[in-house]
Structures are given as C-alpha cells and as structure tokens.
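Ligands are counted one by one from 1 in listed order, and the atoms in each one are counted from 1 as well.
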Amino acid sequence: MAAARLAAPVKNETEEDLNPFRIAMRQFDTAADRCNLDPGLREVLRRPRRALSLSLPVKMDDGSIRVFEGFRVQHNSARGPCKGGIRYHPGVTFDEVKALASWMTWKCATVNIPFGGAKGGIVCDPHSLSHGELERLTRRYAYEIMPIIGPDKDIPAPDVYTDSQTMAWIMDTYSMAQGSNAPGVVTGKPTFLGGSFGRSEATARGCLFCVRAACAEMGLSLPRTTVAIQGFGNAGSIAAQLLAEQGARIIAVSDSQGGIFNPAGLDTVKLLEHKQKNGTVNEFPGAKSIPSEAVLAIECDILIPAALENQITLGNVDMVKARIVAEAANGPTTPGADITLHKKGVMVIPDVLANAGGVTVSYFEWVQDLQELFWDEEDVNRRLERVMVKAFSDVLANAKKHDAPMRTGAYILAIERVAKALVVRGIWP
Ligand code: GLU
C-alpha cells in the first residue's frame, strides 16, 4: 500500500507534482543553490536520517483485529534531539511524513531552538475509532517507536487530529517501560502532567506575532485588517480568537465540511462554541455558507491556511486576493503557487516560521520538564514573543539580502545553521 502510494507521483490538473517529499526537496534545493554547500553535505541534508515503517495490530471493540499502518521519520539531529508531531489521518503517507520531518528540521533551525526534525503518522480516521481503540492504537505505536524516541533522542508532540490525551498515553507507555516517569519524552501534554502553560495556544500565538510583524512591514494596521482562515482546528480556531482580540475582522472561515462568510465579521467566541457543539463551522447563524475552497479566494488582507498541505496551488493561486499569507499549516502552498504569489507582491510567511510557535513552546515544555521547574503563562508567552520577533526579523533580513521570498530566506538561514553543526560535528566514522 505505502509503496504504491510512494511510486505514483500525484499530479493535479496543472501537472504540478504534489508529492510532499519532492516538494520539500525542491524547496530545500531552491535555497541550497544559494548556500555554497559541499555536494555531499547537501545530499545528507536532503534525506531523512532514519525512517521507520510500522504495522500496528489493534484489538477493536467488536473483538476483531485490525492492522494500521504507521510511520516515524527522523530527518536530522545535528543541532539536537529530533522533534516533531504525530498525525492521525486517513490520507497520511510515508512521503508526507518524510516531508513533514524535514520541515521540522528547518523550522527548529529557523527559530534557533536546539532540536532536529522528526514526524510521525498513523493512517487512520480517528473520528471513527472509540476512545479505547484510540488508546490501544496509540500505545502500540508508542511501544513500536520506543527504541528510537526518548527525552534526548526524539520527542513527539501533537499534530493533526492528535492532542494532549494522545501525548499522555505515549508518555505513560514509555514511562511504564522505562520504570520511571519520563515527562520529557513528549510535549503537548496536559499541564497537570508536565505540560506547559500556553502550549495549546502557541502555534496560533506565534502566527499572530508573525502577522503583526508582517503588517508593520507591509504598512497595514492590524486592527483594521480583514482575515480569512482555512481550517478551524487547534491552529485556525485559536488564531481567529487571538486576531479578533487584536481588533482584526475575521470575515471567512472553513473546515473540512464547509465554509462561512460574513463581511461584517464573525463573532469568534460564538463560532468556537458552535464548532464545539456541532463539530463544524457550517451553518453558523448570521453567516453565508460558501464552499470550503472559496475561503482562499476571499477579498481580505490576511489569509491563514491552517489545514493541510497543497491547498494553494497553480490551479487556484490566481484567485488569492490577500496581501499576506501566513502558513499556520505545514506545506499549504505548492512551489509553483509560491512563485506566483511572490511575483504578485504577496508576503508569504512560510510555515517554518509562521507555525513555529508550537514547537518553540514545545521546547519550553521540554526545558521545564527536564528542570522540574514550571513557568507561568505570562513567562511562556513573553519568551515565545521574543523568539518569534527575532526569527521574523532574521528571516525578513535574509530574504531582502538575497532578494528572495521569505521561504527561501528562512531556508537559507536554517540550512546554514544545520550545515554548520554538521560540519563541526563531522561525518562519523
Ligand atoms: N506538530 C507541530 C508542528 O508541526 C508541533 C511539533 C512539536 O511541537 O514538536 O510544528
């Protein structure tokens, strides 16, 4: 199954290659061309260091046994332990996880936190599994990846359709096997189990700091901006709240089941309640229903793709009217669409920067766990702001220096940091 998915290049109607790993390599190559890297070193940085493919048998509630497919990929550990989330989704592929792992390497290096990159995934529809089935699947997965994870090896975290409960199960499975409590093995845990205050809001808060800096650069006043958000999960829904608190008008939102639009602005607090109650933003009172994809084409200042990969493509990029695209999702813009947006003068805040707030507070969580000393939320947010503001200005300066899009600016910065660590450590043996 996985091999078949791997072999077939996915193309859309514009003949764009949508394979996430090849996209990740293309993004890397675009920046690496400007880095004067040794060709051998470049090859090391392109590829994942280690990739684990798993078959996960689970006893289902009806007594049957089902085998799920799972992955954990470690892309690079030159700058520190590997770090990255675990995704539960029916569409997960090995190549997608490889891409996501490499994006974690460049993300951690862009914001200068001492981690490498990793990612995990299980091919499943978590909404169709019971709590017990999810727990058994998660614990089996944790057991299978145990040889390669650990607080100083590889530290998983939540991603699409996983949460603090998933992390608690992994932490418990690992701790039981070690014979001692090991909260530092995962981040994104509940706060009462060694989690950090501010972690669940961190991706969105980091995105807000980037958007604020981008507005200043583009001469926009954040409280007067209009915003469209694709995806209303952890990142999208909290970004909506935080931006609304700053006075921005959230005029369109979508999730996997549909979109809604109100040019006068959506009440984000009521919208979140509606989503929690109904499982979708659809049919939110007072808003007009629109197709999910239409959110990308809304006339607005700021567009936040906060769902999955390959959403802004050559096929729809001409419909994007926003001045700023802040990638709260990983990989939402294809390389072809990226070039078009840059030519149109749209500022794309790349995923490795725009959504790096999540892993940054994951880093804070890990530091707190190792010290067994916990910070209050104000302290966490203050430190997050410092990291994001610095990273944004470093990336922008690099982009300007190289006369390149922000993504290339970020990658050049990140590649130089990782390459330096690799060179000084040396290739062994
Ligand atoms: N899944 C998040 C990301 O893509 C967070 C990863 C982490 O905290 O390790 O950045």
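Residue Pro183 is tested with Asn181, Val186, Thr187 for a side-chain contact (heavy atoms from CB on, under 4.5 Å); the sole match is Asn181. When each of Phe94, Tyr88, Phe21 is tested with Phe71 by the rule ring pair (Phe, Tyr, Trp, His ring centres under 6.0 Å), just one qualifies, namely Phe94.
In this structure, the ring of Phe115 has its center less than 6.0 angstrom from the ring center of Tyr363.
Against a heavy-atom cut-off of under 4.0 Å, Asp159 is close to the following atoms of ligand 1: 1 (N), 2 (C), 4 (O). Close contacts of ligand 1 with Lys119, meaning ligand atoms under 4.0 Å from a residue heavy atom, involve 1 (N), 3 (C), 4 (O). Heavy-atom contacts of Met104 reach the following atoms of ligand 1: 3 (C), 4 (O), 6 (C), 10 (O) (cutoff under 4.0 Å). Within the listing of ligand 1, atoms 3 (C), 4 (O), 10 (O) sit less than 4.0 angstrom from a heavy atom of Lys107. Here is the list of ligand 1 atoms found below 4.0 Å of a heavy atom in Lys83: 7 (C), 8 (O), 9 (O).
Residue Glu327 holds its CD atom at 6.5 Å from CG of Asp338, rounded to the nearest 0.5 Å.
Regarding atom 5 (C) of ligand 1, its nearest protein heavy-atom neighbour is Arg199 NH2, 3.5 Å. Looking from atom 8 (O) of ligand 1 to the surrounding protein, the closest heavy atom is Ser362 OG, 2.5 Å.
Side chain of Asp159 to backbone of Arg87: no donor-acceptor contact under 3.5 angstrom is found.
Contact annotation for Asn330 and ligand 1: only side-chain heavy atoms (C-beta onward) come within less than 4.0 Å of the ligand.
The residue from Ala356, Pro158, Ala235, Gly84 that puts a heavy atom closest to atom 2 (C) of ligand 1 is Pro158.
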